[in-house]
S.K.: 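Sharing a structure here in structure tokens format.
Just so you know, these numbers come straight off a predicted model, no measurement behind them.
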Amino acid sequence: MSLKFHWFLPTNGGDGRHVVGGGHGLAPGASGRPADVAYLTQVARAAEDNGFEAALTPTGAWCEDAWLSTAMLSQTSTRLKFLVAFRPGVVAPFLAAQMAGTFQNLSEGRLLLNVVTGGESHEQRMYSDYLDKDGRYQRCDEFLEIVRRLWAGETVDFHGEHLSVDAAKLGQIPDPAPDIYFGGSSPAAGIVAAKHADVYLTWGEPPAAVAEKIAWIRKLAAEQGRGPEHRPIRFGIRMHTITRDTAEEAWAEAGRLLAGISPEAIAKVQAGLRLSESEGQRRMLDLHGGSTDNLEIYPNVWAGVGLVRGGAGTALVGSHEQVADRIAEYAALGIEEFVLSAYPHLEGAYWFGEGVLPILAERGLWKDERPRRRHSTTVPFAAAGITLR
């Protein structure tokens, strides 16, 4: 088995040497590096140069539009795929299918899609979406059925409770159809994921909790007729990373990030996140309870990021060997894809790519798919007969 590793594009307020907050309706915190094309290009190129397959771009009122951002970055990078997060309630299913087809065909197959139903009703209303949470999942189910049938080249007549199309036929069929990534911890989310997702994504929880989620989704998928022989569902995890040459260095960096978070900021962000309708967000908050005590919730798994950031709130912290060990442990549970990030994202791509990926390659858990590079072995001044001492 070769694991897949993806990185993150910080379009949610920029990047910096401290935790940039935001997410789930919260305004992002201060950052030192803007989310402009020049900097995001550096992050994208660092990701592809270090062996990552794709980069996740978030969606929401608090970040740049994912479709437009990644379309621009597809022209300033070469191989990196883009895991574009989007909300099915914002775009009509035919238009979304058409956009995906255009992106996939013009980028030569570099599109993946992360479907986000929208966890916060107050934010959804900014997009003129007034359905409640259960209604959003029902609509998402209809949306994905229409989109998949369009990608298959069908002429689609569909009349559901929320969405309808007549004689819809797509001219821009994506080749190949992009994989659908889908997350969610509520019962309604599980049903939609089991029916439609190619990859079920979970935020980083201790291995036992992740194992329970995998078993839950596998059971639901089997009930949908999706066993090992019929489009089996895969599993991925979303976490941050703090990996260094030694464990002491890594935990010192975690301490530095924590020292940059004030008690006032924690209290304010936690109060906002407690209003979230997301079951996954509730599970993230329960890992630390708003306290800076006992943040290592499992060996090398740190919940400090979630004190001021919505969404993914845990990080793998340790030496390169220790982080590789934890990845192997999650892989043994059934996790095949890892969507990772760091602060800052540019340097973090090199810490992980140069530190952890070679260890995983040695263990047979990752295969380097990068084109082989030609390295010069020329000794300076050798042609002139000069010997350096």
S.K.: Return yes if some donor-acceptor pair links the side-chain N/O of H196 with the main-chain N/O of A193 below 3.5 Å, else return no.
M.R.: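 No, H196 side chain to A193 backbone: no donor-acceptor pair under 3.5 Å.
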S.K.: Do E336 side-chain atoms and R234 backbone N/O form a donor-acceptor pair below 3.5 Å?
M.R.: no
S.K.: Give a yes or no on whether the backbone of T243 and the side-chain of T241 come within a donor-acceptor separation of less than 3.5 Å.
M.R.: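 No.
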S.K.: Please check: side-chain N/O of N300 versus main-chain N/O of V317, any donor-acceptor pairing under 3.5 Å?
M.R.: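 Yes; judged by distance alone, with no hydrogens or angles, the pair exists.
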S.K.: T155 side chain to A167 main-chain N or O, any donor-acceptor pair under 3.5 Å?
M.R.: no
S.K.: What orientation do W7 and F352 show, parallel under 30°, tilted 30 to 60°, or perpendicular over 60°?
M.R.: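 Tilted.
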S.K.: With salt bridge (charged side-chain N to carboxylate O under 4.0 Å, His left out) as the test, would you mind laying out the steps for R363 and D325 before giving the verdict?
M.R.: CA-CA 10 Å; R363 299 182 184 184; D325 289 343; 2.8 Å; yes
S.K.: Would a distance-only check, ignoring hydrogens and angles, find a side-chain to backbone donor-acceptor pair under 3.5 Å from Q104 to P176?
M.R.: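 Here the side-chain-to-backbone pair exists.
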S.K.: Can you find a side-chain donor-acceptor pair between H159 and D166 that sits under 3.5 Å?
M.R.: yes
S.K.: Would you check if the side chain of N105 reaches a backbone N or O of D175 as a donor-acceptor pair within less than 3.5 Å?
M.R.: yes
S.K.: Taking atom types as modelled, find out whether Q124 and R87 have a side-chain donor-acceptor pair closer than 3.5 angstrom.
M.R.: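 Yes, side-chain donor-acceptor contact under 3.5 Å.
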S.K.: Ignoring hydrogens and geometry beyond distance, is a side-chain donor-acceptor pair present between E205 and T314 at under 3.5 Å?
M.R.: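 Side chains of E205 and T314: no pair found under 3.5 Å.
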S.K.: For the pair E48 (side chain) and R79 (backbone), establish whether a donor and an acceptor sit closer than 3.5 Å, ignoring hydrogens and angles.
M.R.: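 Confirmed, E48 side chain pairs with R79 backbone.
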S.K.: Does a side-chain heavy-atom distance below 4.5 Å link T57 with V84?
M.R.: no
S.K.: Compare all side-chain heavy atoms of W302 with those of I242 and state whether any distance is below 4.5 angstrom.
M.R.: yes
S.K.: Would a single hydrophobic cluster contain both L56 and M99, if residues Ile, Leu, Val, Met, Phe, Trp and Tyr are joined by side-chain heavy-atom contacts under 4.5 Å?
M.R.: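 M99 and L56: separate clusters.
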S.K.: Answer yes if the side chains of E120 and S276 hold a donor-acceptor pair under 3.5 Å, and no otherwise.
M.R.: yes
S.K.: Do the numbers put R283 on top of the ring of W203, so that NZ or CZ is under 6.0 Å from the six-membered ring centre and no more than 45° off the axis?
M.R.: no
S.K.: With distance as the sole criterion, is a donor-acceptor pair present between the side chains of S121 and K133 under 3.5 Å?
M.R.: no
S.K.: Do E354 and N50 touch side chain to side chain, with heavy atoms closer than 4.5 Å?
M.R.: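 Result yes, sub-4.5 Å side-chain heavy-atom pair found.
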S.K.: Checking the side chain of H240 only, and the main-chain atoms of V305 only, is there a donor and an acceptor separated by less than 3.5 Å?
M.R.: no
S.K.: Are side-chain N/O atoms of D198 and Y181 paired as donor and acceptor at under 3.5 Å?
M.R.: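 The answer is no; no qualifying pair exists.
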S.K.: Please check if the side chain of R110 supplies one atom and the backbone of L80 the other of a donor-acceptor pair under 3.5 Å.
M.R.: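 Yes: the side chain of R110 pairs with the backbone of L80.
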S.K.: Taking the side chain as everything from C-beta on, heavy atoms only, tell me whether Y137 gets closer than 4.5 Å to P88.
M.R.: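 No, too far: nothing below the 4.5 Å cut-off.
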S.K.: Could you pull out all residues at least two apart from R218 that satisfy side-chain contact (heavy atoms from CB on, under 4.5 Å)?
M.R.: I214, F235
S.K.: Does a side-chain N-to-carboxylate-O contact under 4.0 Å join E347 and R33?
M.R.: yes
S.K.: Would a hydrophobic clustering, with Ile, Leu, Val, Met, Phe, Trp and Tyr connected at side-chain separations under 4.5 Å, put F182 with F86?
M.R.: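 Yes, F182 and F86 fall within the same hydrophobic cluster.
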S.K.: Checking E249 against T246: is there a side-chain donor and acceptor pair closer than 3.5 Å?
M.R.: yes
S.K.: If we ignore angles and hydrogens, is there a donor and acceptor under 3.5 Å between the side chains of E329 and Y298?
M.R.: yes
S.K.: So does E223 pair up with K195, basic N to acidic O under 4.0 Å?
M.R.: no
S.K.: Given the ring of Y343, does R309 sit roughly above its face, with NZ or CZ under 6.0 Å from the centre of the six-membered ring and within 45° of the axis?
M.R.: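 No, a cation-pi geometry is absent between R309 and Y343.
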S.K.: Do you know which of D134, T117, D129 makes side-chain hydrogen bond (donor to acceptor under 3.5 Å, both in side chains) with R139?
M.R.: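 The single option meeting the side-chain hydrogen bond (donor to acceptor under 3.5 Å, both in side chains) with R139 is D129.
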